[in-house]
Amino acid sequence: MSWGTELWDQFDNLDKHTQWGIDFLEKYAKFVKERIEIEQNYAKQLRNLVKKYCPKRSPKDEEPRFTSCIAFFNILNELNDYAGQREVVAEEMGHRVYGELMRYSHDLKTERKMHLQEGRKAQQYLDMCWKQMDNSKKKFERECREAEKAQQSYERLDNDTNATKADVEKAKQQLNLRTHMADENKNEYAAQLQNFNGEQHKHYYIVIPQIYKQLQEMDERRTIKLSECYKGFADSERKVIPIISKCLEGMILAAKSVDEHRDSQLVIDCFKSGFEPPGDFPFEDYSQNIYRTISDGTISTPKQEGMRIDTKTTVGKAKGKLWLFGKKPKWSVKMGPALEDFSHLPPEQRRKKLQQRIDELNRELQKETDQKDALIKMKDVYEKNPQMGDPSSLQPKLTETMSNMDRLRMEIHKNEAWLSEVEGKVAARSDRRHSSDINHLVTQGRESPEGSYTDDANQEVRGPPQQHAHPNEFDDEFEDDDPLPAIGHCKAIYPFDGHNEGTLAMKEGEILYIIEEDKGDGWTRARRHNGEEGYVPTSYIDVTLEKNSKGS
């Protein structure tokens, strides 16, 4: 089955068919191009969707920690990878299919043009041979007619008795000339005919079959190329299916990672204040004065030590404790600038913030320590090999590093003191809560400086009051008839602002009197020379206890 033998006379149709083949190839290339654009737009829209719903860059402590949020962001990451695979599909199709088709189409057009030119040249050469043969044939035919006329003229003169011998001889010569010329044209025609027949046989059995065979091979290669491109079109997507499957599996794993119990615990960790629930309201007996008036004091209930109830103080405490279930105190609505020791935060949140800061400072301290060790080693190398560098050039950097280390250690010590203070108070509150749960006791109106209730007024845990405490709470606690005697003195190592109620502000280097020691909660009660009293952080002062200290 060959075009050269079966389609020897269909040159024009083969010309049209090969042109159609190239047009179809380019049409498929256009289809692939549009598919590539669809993939690119799809990937772009997916990436825009992921970007739209991805969280903005936020501080580390504000990053979502709920498993449902983490799972969603993992799904977004997987979807972003999925979009990347769509881009890979588009790139593979563009390189392996569309680009290859366009290059092949260009080569195919060049090859087809060359083969058709060869076919046309062969046909033109055959036409030229036919014209030469036809011209010699016509010339031979014309000479034969002239020879026949000369023959007839000679016979007529030869039979004419009136014709002279000279006329007959002339007619005979003319006949011989025409006959000779006819013979020559006959030989020329025979040669041209033989040549044309040979060229025609060569044209239809050798030249044209060879050209048509090349056209057939070209068309078959085009068909094979289309088949390969069809396969490459599918393979471009099949290659990324395993990766896409992994993306989808990642989405499923992200969905399975959602833990409702962990999210609930995170809600507790995020919002737990560390305050105790409000205690029971004490019974306020307003009838005592009535009974005392009627019975002249014989029936009135005796006033017990430690049972003195101040209505103003009690109500103030209750208002300060009920904000969890009602209106929040002013500090929780608008707190203003954050304090360095996070004392504006509830105890539990304050403890977490302080722990985070300590961890960050320890990491910075470790970096500075590593840098110091590296500088010391480099300095030793320079001292042993002066040609490598000047050891004294490292001293400023080493001094700066040591200074940074001292600063970081001081910051760590200060924050650890605050952390110990918070943890001590939280532990004290837990003990009090545990004791209250066991004995089911009702508080008697005493409150620690941080706003926690306690049963024993002599063993209350002292600490700086929270900003939501009532202003009169500390006034009631310090309602002693005589000021407490000084048991020592202290010197302020760091300045303390003393914003909270019940605390005492102090400046660095200021001398204060100690009137009550630290009972393990991180706070010491002190007094100025002018008689102003309050609590100061124990870690901020250098305490000296004396038996015979100067009194107030």
Can you list the steps and then say if Trp130 with His203 is a ring pair (Phe, Tyr, Trp, His ring centres under 6.0 Å)? CA-CA 12 Å; Trp130 180 83; His203 176 82; over 10 Å; no
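- A salt bridge links Lys239 with Glu92: the distance from a Lys NZ or Arg NE/NH1/NH2 to an Asp or Glu carboxylate oxygen falls below 4.0 Å.
- Annotation for Ile22 and Arg222: closest pair N-CD, 4.0 Å, computed over non-hydrogen atoms.
- Between Glu411 and Arg357, no side-chain nitrogen of the basic residue sits less than 4.0 Å from a carboxylate oxygen of the acidic one, so the salt-bridge criterion is not met.
- In the model, Asn362 has no side-chain atom that pairs as donor or acceptor with a side-chain atom of Gln366 under 3.5 Å.
- Checked for salt-bridge contact, Asp373 and Lys377 miss the test: no charged N lies under 4.0 Å from a carboxylate O.
- Under 3.5 Å, the side chains of Gln356 and Glu360 contain no donor-acceptor pair of N or O atoms.
- Salt bridge Lys121/Glu118: absent, no basic N to carboxylate O contact under 4.0 Å.
- Using bins of under 30°, 30° to 60° and over 60° for the plane-to-plane angle, the ring pair Tyr494/Tyr540 lands in the perpendicular bin.
- Within a 6.0 Å sphere centred on NZ of Lys213, heavy atoms belonging to other residues, nucleotides or ligands number 12 at most.
- Closest heavy-atom contact between Asp259 and Thr67: N-OG1, 2.9 Å.
- Of the options Asp23, Asp219, Asp15, Asp107, a salt bridge (charged side-chain N to carboxylate O under 4.0 Å, His left out) to Arg112 is made by Asp15 and by none of the others.
- Atom CD of Gln151 and atom OG1 of Thr179 lie 6.5 Å apart (nearest 0.5 Å).
- Salt-bridge formation is detected for the pair Glu228/Lys225: a Lys NZ or Arg NE/NH1/NH2 atom is positioned less than 4.0 Å from an Asp or Glu carboxylate oxygen.
- One finds a salt bridge joining Asp406 and Arg409 here, because a Lys/Arg side-chain nitrogen approaches an Asp/Glu carboxylate oxygen to under 4.0 Å.
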Worked verdict on Gln265 versus His261 for side-chain hydrogen bond (donor to acceptor under 3.5 Å, both in side chains): CA-CA 6 Å; Gln265 183 61 42; His261 301 297; over 6 Å; no
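- Salt-bridge annotation for Glu141 and Arg145: present, with a side-chain N of the basic residue lying under 4.0 Å from a carboxylate O of the acidic one.
- Going from atom CD of Glu37 over to atom CE of Met93 covers 13.0 Å, rounded to the nearest 0.5 Å.
- Ion pairing of Glu237 with Arg35 is present here, as a side-chain N (NZ or NE/NH1/NH2) and a carboxylate O approach within less than 4.0 Å.
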